[in-house]
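To start, the structure itself, in C-alpha cells.
For the numbers below, each heavy atom of this structure counts, side chains included, while hydrogens, waters and symmetry mates do not. Below, chain A is the first sequence line, B the second, and so on; all start at residue 1.
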Amino acid sequence: MTVPEFLFGEARTAAPLLLGWRLQSTIDGQVTEVELTEVEAYSQEDPASHSFGGLRPRNAVMYGSPGRLYVYRSYGMHWCANVVCGPDGMGAAVLLRAGKPLRGAELMTRRRGRVDDLTTGPGNLCQAMGITDEHKGQDLFDSNSALRLMSGQPPASYIATPRVGISKGVDRRWRFVTQA
DNA sequence: TGCTTGATTAACT
DNA sequence: GTTAATCAAGCAC
C-alpha cells in the first residue's frame with residue numbers, strides 16, 4: 001500500500017477525502033478498527049495549527065512525509081492523532097476526531113472503561129485504539145506498523161463546519177463530518 | 001525559572 | 001452550565 005495522492009495536497013483538500021477510510025490498530029496482537037467519520041484540517045498558515053510559526057522539534061513530524069502519524073498530548077491527559085499531509089517540508093495534518101467502531105469494540109470498551117462514546121472525540125478515539133506518544137511518526141501505510149490506514153467506503157455526503165476547541169483561525173470551516 | 005494556556009473529557013451543581 | 005484533572009510547549013521575566 002502506497003500513500004494516496006491526495007495526502008500530498010493541502011490539508012483542507014485531503015481532510016474530507018479521509019472520511020470513510022479505516023484506521024486499524026494492532027497492539028499486543030489485539031486489533032481495533034474504526035471508520036473515520038469526523039476530521040479537522042490544520043495547515044502551516046493556520047494560527048490554530050501546531051505547525052504555525054515554522055519547524056520546531058515538537059511539530060517536526062507534521063513537516064515530514066505525508067501518510068505518517070502525528071500524536072500530541074492535549075490538556076495534559078489526552079492523546080490526539082493526526083494524519084500528516086502535504087509534501088516533505090510542508091507542515092500540515094488532519095486531526096482524527098471521531099470514528100465508527102468496526103472491530104474490537106469489546107477491547108475499546110475495556111480501554112475506555114465505559115460502553116458509550118467509545119470513539120467520539122479525539123482523546124477518546126486515541127484511548128479506545130490505544131494510540132500514544134510511542135506511535136508518533138509511524139508510517140500509516142506500512143504493513144508492519146501498529147497503526148494502519150486503509151481505504152474504505154466514502155460517505156454519501158458530509159458537512160463542513162468551524163473547528164472545535166480553538167481560539168484562533170475560527171473563521172475557517174475545516175471540520176468535516178460524515179452525514180449518515 | 002516561573003506562569004499561562006490549551007486541536008479535552010467527565011463529573012459535578 | 002461549570003469546573004477539576006494534569007502537563008508540556010511557549011512565553012514572560
Side-chain angles (χ1 to χ4, degrees), chain A residues 6-7 9-19 21 23 25 32 34-86 90-101 104-105 107-138 140 147 149 158-178:
Chain A
F6 68 82
L7 281 184
E10 291 183 34
R12 58 201 284 190
T13 311
L17 296 175
L18 276 173
L19 293 174
W21 280 61
L23 179 67
S25 108
T32 54
V34 300
E35 177 187 306
L36 301 178
T37 57
E38 182 182 340
V39 298
E40 284 180 5
Y42 287 88
S43 83
Q44 200 172 324
E45 305 78 30
D46 175 6
S49 171
H50 287 177
S51 58
F52 185 70
L55 174 64
R56 269 168 281 116
R58 148 156 122 150
N59 59 30
V61 174
M62 288 182 77
Y63 281 87
S65 306
R68 299 202 304 178
L69 188 71
Y70 170 58
V71 181
Y72 68 91
R73 200 193 261 300
S74 170
Y75 291 91
M77 47 187 50
H78 305 289
W79 296 110
C80 296
N82 300 247
V83 176
V84 175
C85 59
M90 178 187 277
V94 176
L95 170 69
L96 309 181
R97 289 192 59 87
K100 183 176 73 179
L107 176 57
M108 293 183 189
T109 304
R110 233 177 311 149
R111 284 196 181 121
R112 297 270 299 115
R114 56 179 56 222
V115 295
D116 54 333
D117 295 330
L118 284 181
T119 52
T120 59
N124 293 342
L125 180 68
C126 286
Q127 187 183 22
M129 303 198 71
I131 301 173
T132 71
D133 206 9
E134 65 183 276
H135 305 296
K136 188 164 160 176
Q138 273 202 347
L140 292 166
L147 277 303
L149 203 50
Y158 65 84
I159 55 171
T161 78
R163 291 170 297 178
V164 174
I166 55 173
S167 57
K168 301 164 191 164
V170 271
D171 50 313
R172 293 170 168 84
R173 295 166 68 88
W174 287 4
R175 174 171 173 255
F176 304 94
V177 187
T178 294

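- In this structure, the side chain of A:Y63 engages the main chain of A:S51 through a donor-acceptor pair within 3.5 Å.
- Checked by atom type, the side-chain pair A:Q127/A:R111 shows no donor-acceptor distance below 3.5 Å.
- Counting only Watson-Crick and G-U wobble pairs whose two distances sit under 3.5 Å, DNA chain B takes part in these stems of three or more pairs: B:1-6 with C:7-12, B:8-12 with C:1-5.
- Between A:Q127 and A:K168, the residue anchored nearer the 5' end of DNA chain B, judged by the nucleotide with its closest heavy atom, is A:K168.
- Heavy atoms of A:R163 sit nowhere under 4.0 angstrom from any nucleic acid atom.
- Where DNA chain B meets chain A (any atom under 4.0 Å from a heavy atom), the bounding nucleotides read 5' to 3' are B:dG6 to B:dA11.
- No donor-acceptor pair closer than 3.5 Å links the side chain of A:S74 to the backbone N or O of A:C80.
- Rounded to a whole Å, the NE2 atom of A:H50 is 13 Å from the C1' atom of C:dC7.
- Summarising the local packing, CZ of A:R175 is surrounded by more than 12 heavy atoms from other residues, nucleotides or ligands at distances under 6.0 Å.
- Atoms NE2 (A:H78) and C1' (C:dT6) sit 9 Å apart, rounded to a whole Å.
- A side chain to side chain contact (heavy atoms under 4.5 Å, CB included) with A:T32 is found for exactly one of A:I131, A:L118, A:L23, A:L107, namely A:L107.
- The 12-atom threshold is exceeded at NZ of A:K136, counting heavy atoms of other residues, nucleotides or ligands nearer than 6.0 Å.
- Using a 4.0 Å cut-off between charged side-chain N and carboxylate O, A:D46 and A:R12 make no salt bridge.
- Between the side chain of A:S43 and the backbone N or O of A:A11, no donor-acceptor pair lies under 3.5 Å.
- As judged by a 4.0 angstrom heavy-atom cut-off over every strand, A:R112 is placed among residues touching the sugar-phosphate backbone only.
- Among the protein residues, A:L95 comes within range of the nucleic acid bases, having at least one heavy atom under 4.0 Å from a base atom.
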